[in-house]
Amino acid sequence: MLIVQKFGGTSLAGRERILAAARIIAQAAKRGSRVVAVASAQGRTTDELIAQAISINPRATAREMDAILSTGEQLSAGFLAMALQAMGHPAVSLTGWQAGLRTDNVHGSARILGLEHDRILRELAGGKIVLVAGFQGVDGAGDITTLGRGGSDTTAVALAGFLQADLCQIYTDVDGVYDKDPRLYPDAVKFDWISYEKMRRLIAAGAQVLHDRSVELAQQFGMSLEVLSAFTGQPGTIVCGESAGQAALHGL
Ligand code: ADP
Ligand code: ASP
Ligand code: MG
């Protein structure tokens, strides 16, 4: 079984949360799965990096912005690898380009073109848990690109799709997808499952719980996603095709 797990920024903000995320990853590995985990930048790191960069040069080129912004995710991937190693699990962190994620050259909003999967497969075959820095890739010129705000979700779906993973879990700071933002509306209702189409409509209406391209890509791959809490251990929401959702609903 191959599992791809993605951890969002809030879920990795601070030492305790890094350790908690590492425990979730370790649990999957202990059950015998091969695990690839995708890390977002901790907390507000990306916003802080943008502010710092702009304070130095308000007209910084998109290429240099991408070089700077990609570092937030690299820190998280490295911290998670260290935490897992401290727990006795062989682990390795990879940047987007080390992981082989190829993109076009649209800096700041690059699209994933493909995955050269040799490195990841080699590390998995060597018994390692692989931590990949989300939100980034490399273009044809060898330059670092980023995928747009919230893009680590798309990294996770791309890896799951290209590696033909059995499961793609998106760990975040709410316990699933709701009909409206549960932080703003206490009466929001959680979905057990939601179709790709409905999810895309929710995102288009402003729900930033998933990166829009991640759902588009999941639909292309026919890959189901589970959106769940990094904190509660409760079942989340499955984002999948209409027929898979109906079948699950009726226990087929
Ligand atoms: P992450 O850092 O894990 O990627 P995000 O902040 O990108 O997390 O997405 C999770 C947030 O999305 C939640 O904290 C929640 O406030 C917000 N959100 C907006 N609309 C919805 C919705 N319909 N269902 C669930 N969460 C939503
Ligand atoms: N760190 C990036 C952002 O804040 C990407 C992500 O979190 O998915 O937009
Ligand atoms: Mg997000």
Side-chain angles (χ1 to χ4, degrees), residues 4-14 17-18 20-21 24 37-53 65-77 79-80 95-96 101 103 107-110 112 132-137 144-159 168-195 198-215 217-218 225-232 234 236-239:
V4 173
Q5 298 180 322
K6 178 256 173 178
F7 293 86
T10 316
S11 314
L12 297 175
R17 288 182 181 177
I18 289 272
I24 293 174
V38 174
S40 288
Q42 293 180 284
R44 298 183 55 79
T45 301
T46 307
D47 293 325
E48 287 161 11
L49 289 172
I50 291 171
Q52 260 185 288
M65 285 302 281
D66 277 357
I68 297 290
L69 296 193
S70 61
T71 62
E73 271 68 13
Q74 292 168 38
L75 286 174
S76 293
F79 286 146
L80 279 175
T95 63
L101 268 169
T103 71
H107 287 287
S109 180
I112 293 175
V132 178
F135 176 58
Q136 58 191 264
I144 299 169
T145 54
T146 64
L147 309 179
R149 299 304 305 267
S152 296
D153 297 326
T154 300
T155 304
V157 174
L159 292 177
C168 183
Q169 297 179 313
I170 309 287
Y171 283 92
T172 184
D173 56 6
V174 286
D175 62 1
V177 178
Y178 287 71
D179 60 347
K180 49 197 171 201
D181 189 339
R183 289 193 189 286
L184 303 179
Y185 302 94
D187 64 334
V189 178
K190 182 176 150 188
F191 297 106
D192 291 332
W193 71 277
I194 181 169
S195 70
K198 200 163 167 186
M199 187 70 231
R200 288 173 75 167
R201 283 199 296 274
L202 260 186
I203 294 171
Q208 46 104 52
V209 58
L210 285 176
H211 192 228
D212 53 358
R213 282 185 189 162
S214 71
V215 182
L217 205 55
L225 312 178
E226 184 177 10
V227 178
L228 70 175
S229 167
F231 309 129
T232 67
Q234 295 301 310
T237 298
I238 309 288
V239 184

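Only a predicted model underlies this, so the values are computations on that prediction, with no experimental measurement involved. Just follow the structure's listing: the first ligand is 1, and inside any ligand the first atom is 1. Every heavy atom of this structure was used, including side-chain atoms; hydrogens, water molecules and symmetry mates were not.
By the 4.0 Å heavy-atom criterion, Gly150 is counted among the residues contacting ligand 2. Assignment of Ser40 to the shell around ligand 1 is not supported, since no heavy atom sits closer than 4.0 Å. By the 4.0 Å heavy-atom criterion, Gly72 is excluded from the residues contacting ligand 2.
Interface atoms of ligand 2 facing Thr46, defined by a heavy-atom separation under 4.0 Å, are 1 (N), 2 (C), 3 (C), 4 (O). Taking every heavy atom of Arg183 and a limit of under 4.0 angstrom, the matching atoms of ligand 1 come to 13 (C), 14 (O), 16 (O). Contact atoms of ligand 1 toward Ala207: 20 (N), 23 (N) (distance under 4.0 Å to a heavy atom of the residue).
Protein heavy atom in closest approach to atom 4 (O) of ligand 1: Lys6 NZ, 3.0 Å. In terms of protein heavy-atom proximity, atom 12 (O) of ligand 1 is closest to Gln208 NE2, 3.2 Å. If you check which protein heavy atom lies closest to atom 22 (C) of ligand 1, you get Tyr178 O, 3.7 Å. Shortest contact from atom 9 (O) of ligand 1 to any protein heavy atom: Val209 CA, 3.6 Å. With hydrogens left out, the protein atom closest to atom 7 (O) of ligand 2 is Ser40 OG, 3.5 Å, a heavy atom. For atom 25 (C) of ligand 1, the closest non-hydrogen atom of the protein is Gly176 O, 3.4 Å. Of the protein's non-hydrogen atoms, Thr172 OG1, 2.6 Å is the one closest to atom 3 (O) of ligand 1. Atom 2 (O) of ligand 1 has its closest protein heavy atom at Gly9 N, 3.1 Å.
Scanning Asp181, Asp173, Ile170 for the heavy atom closest to atom 18 (N) of ligand 1 points to Asp181. Taking each of Arg149, Glu73, His211, Lys6 in turn, the one with a heavy atom nearest to atom 5 (C) of ligand 2 proves to be Glu73.
Within the 4.0 Å heavy-atom criterion, neither part of Ser11 lies near ligand 1. Under 4.0 angstrom from ligand 1, the non-hydrogen atoms of Val174 all belong to its side chain. Within the 4.0 Å heavy-atom criterion, the part of Lys180 lying near ligand 1 is the backbone and not the side chain. When heavy-atom distances to ligand 1 are checked against a 4.0 Å cut-off, Lys190 has no atom that comes that close, whether in backbone or side chain.
Residues Ile144 and His107 approach most closely at O-CE1, 3.1 Å, considering heavy atoms.
Side-chain contact, Asp66 with Thr145: no donor N or O sits under 3.5 Å from an acceptor N or O. Between the side chains of Asp173 and Thr10, a donor-acceptor pair is found at a separation under 3.5 Å.
Residue Val177 forms a side-chain contact (heavy atoms from CB on, under 4.5 Å) with just one option from Leu228, Ile170, Val227, Asp192, and that option is Val227.
In this structure, Leu80 and Leu12 have side chains that are in contact, with non-hydrogen atoms separated by less than 4.5 Å.
Any N or O atom pair closer than 3.5 Å counts here, and Gly148 shares no such pair with ligand 2.
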